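Below: one structure, written as structure tokens.
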Amino acid sequence: MATIRLLLDEDVRPLLAEVLRERGCESRHVLELGRGGESDADQLAFAVHESRALLTHNIRDYLLLDRLYRTDRREHCGIILSEQLPFRELLRRTLRFVSRHTNADVRGRIFWLHE
């Protein structure tokens, strides 16, 4: 089973990428990659280029970008949305999500990190 390659948006704590990597998840944070301050559209395009699903707390803007991609018949590698959560809860939900999904599962889809 292919593990999900994640790109964490600027509004997600960079520590999450580190802890996910320590637990075997292929994850990078936009700040680690020198991409701070880039637009949401640019971050999503970069995630597509890198074949990574994007994890963000920026729900409204990424829902709009998903709609734009669908309208233009383009496909992203998945967008994972979450409200702001305490770090441990976000880590728990993210680990559970990546253990249950593959790159193929998330391609072109929106997911919510729920309980």
Side-chain angles (χ1 to χ4, degrees):
M1 172 170 43
T3 60
I4 297 177
R5 293 169 42 90
L6 291 177
L7 179 67
L8 280 56
D9 195 23
E10 198 164 353
D11 59 356
V12 177
R13 288 182 56 190
L15 177 62
L16 184 61
E18 284 181 49
V19 175
L20 288 171
R21 281 194 302 270
E22 289 171 1
R23 299 193 181 193
C25 182
E26 170 55 48
S27 63
R28 298 298 305 260
H29 194 280
V30 296
L31 295 178
E32 293 174 313
L33 301 170
R35 297 192 50 79
E38 299 287 333
S39 72
D40 295 332
D42 287 341
Q43 299 293 22
L44 186 56
F46 181 77
V48 169
H49 176 74
E50 294 285 310
S51 299
R52 293 179 181 273
L54 191 135
L55 173 62
T56 185
H57 299 303
N58 189 349
I59 295 166
R60 183 183 52 122
D61 290 344
Y62 279 95
L63 285 174
L64 291 172
L65 282 169
D66 175 65
R67 187 176 311 141
L68 179 62
Y69 266 65
R70 291 175 192 278
T71 299
D72 293 345
R73 296 196 170 145
R74 293 183 290 162
E75 189 174 65
H76 52 71
C77 297
I79 299 171
I80 306 162
L81 303 170
S82 174
E83 70 258 5
Q84 295 279 347
L85 297 167
F87 182 80
R88 286 180 188 216
E89 181 62 17
L90 181 60
L91 174 61
R92 185 184 70 74
R93 291 183 188 188
T94 304
L95 287 169
R96 185 179 65 218
F97 183 87
V98 300
S99 73
R100 295 179 176 176
H101 293 86
T102 66
N103 281 331
D105 293 336
V106 300
R107 181 167 282 294
R109 297 175 61 193
I110 290 272
F111 288 87
W112 293 85
L113 282 184
H114 287 298
E115 236 351 273

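Starting from 1, each residue takes its place in the sequence as its number. What you see is a predicted model, and the numbers here were worked out from it, not measured in a lab.
Ring pair F46/H49 is tilted by interplanar angle, where 30° to 60° counts as tilted.
Nearest approach of V98 to C25, heavy atoms of both residues: CG1-SG, 4.1 Å. For L31 against P14, the heavy-atom pair with the smallest separation is CD1-CG, 4.0 Å. Shown here for D66 and H76, the closest heavy-atom pair between the two residues is OD1-NE2, 2.7 Å. The heavy-atom pair separating C77 from A47 by the smallest distance is SG-O, 4.3 Å.
S27 has its side chain out of reach of L16: every pair of non-hydrogen atoms, C-beta onward, lies at least 4.5 Å apart. Side-chain contact between L81 and L63 is present, with at least one heavy-atom pair separated by less than 4.5 Å. The shortest side-chain heavy-atom distance between L33 and E50 does not fall under the 4.5 Å cut-off. Residues R67 and R70 form no side-chain contact, since every pair of their non-hydrogen atoms from C-beta on lies 4.5 Å or further apart. When side chains are defined from C-beta on, L90 counts as touching S82, because their heavy atoms get closer than 4.5 Å. Annotation: side chain of I4 is in contact with side chain of F97 (closest heavy-atom distance under 4.5 Å). Counting heavy atoms from C-beta on, the side chains of L85 and R93 come closer than 4.5 Å.
The side chain to side chain contact (heavy atoms under 4.5 Å, CB included) test with L65 singles out one residue from L44, I110, L54, T56, and that residue is L44.
A distance of 6.5 Å separates CG of L113 from CD1 of I80, quoted to the nearest 0.5 Å. Distance check: D11 CG to Q84 CD gives 6.0 Å after rounding to the nearest 0.5 Å. For the atom pair CG (L64) and OH (Y69), the distance works out to 13.5 Å, reported to the nearest 0.5 Å. In this structure, L6 CG and N103 CG are separated by 8.5 Å, a value rounded to the nearest 0.5 Å. Taking NE2 of H57 as the start and CG of D9 as the end, the distance is 9.0 Å to the nearest 0.5 Å. Distance check: Y62 OH to L55 CG gives 10.5 Å after rounding to the nearest 0.5 Å.
A donor atom on one side chain and an acceptor atom on the other are found under 3.5 Å apart for N58 and D40.
Between R52 and E26 there is a salt bridge, since a side-chain N of the basic residue sits under 4.0 Å from a carboxylate O of the acidic one. A salt bridge links E89 and R92; the closest N-O separation between the charged side-chain nitrogens and carboxylate oxygens is under 4.0 Å.
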message = With side chain to side chain contact (heavy atoms under 4.5 Å, CB included) as the criterion, how do L68 and R74 come out once you've worked through the C-alpha distance, each side chain's angles and the decisive distance to 0.1 Å?
response = CA-CA 8 Å; L68 179 62; R74 293 183 290 162; 3.9 Å; yes
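No donor-acceptor pair closer than 3.5 Å links the side chain of Q43 to the backbone N or O of L7. At least one donor-acceptor pair closer than 3.5 Å links the side chain of H29 to the backbone N or O of V12.
One hydrophobic cluster, built from ILVMFWY side chains closer than 4.5 Å, holds both V48 and V30. Linking Ile, Leu, Val, Met, Phe, Trp and Tyr whenever their side-chain heavy atoms come within less than 4.5 Å puts V106 and L95 in one cluster. Taken together through direct or relayed side-chain contacts under 4.5 Å among Ile, Leu, Val, Met, Phe, Trp and Tyr, L15 and L8 form part of one hydrophobic cluster.
Identified under the salt bridge (Lys or Arg N to Asp or Glu O under 4.0 Å) test for residues 101-112, with sequence neighbours left out: E75-R107.
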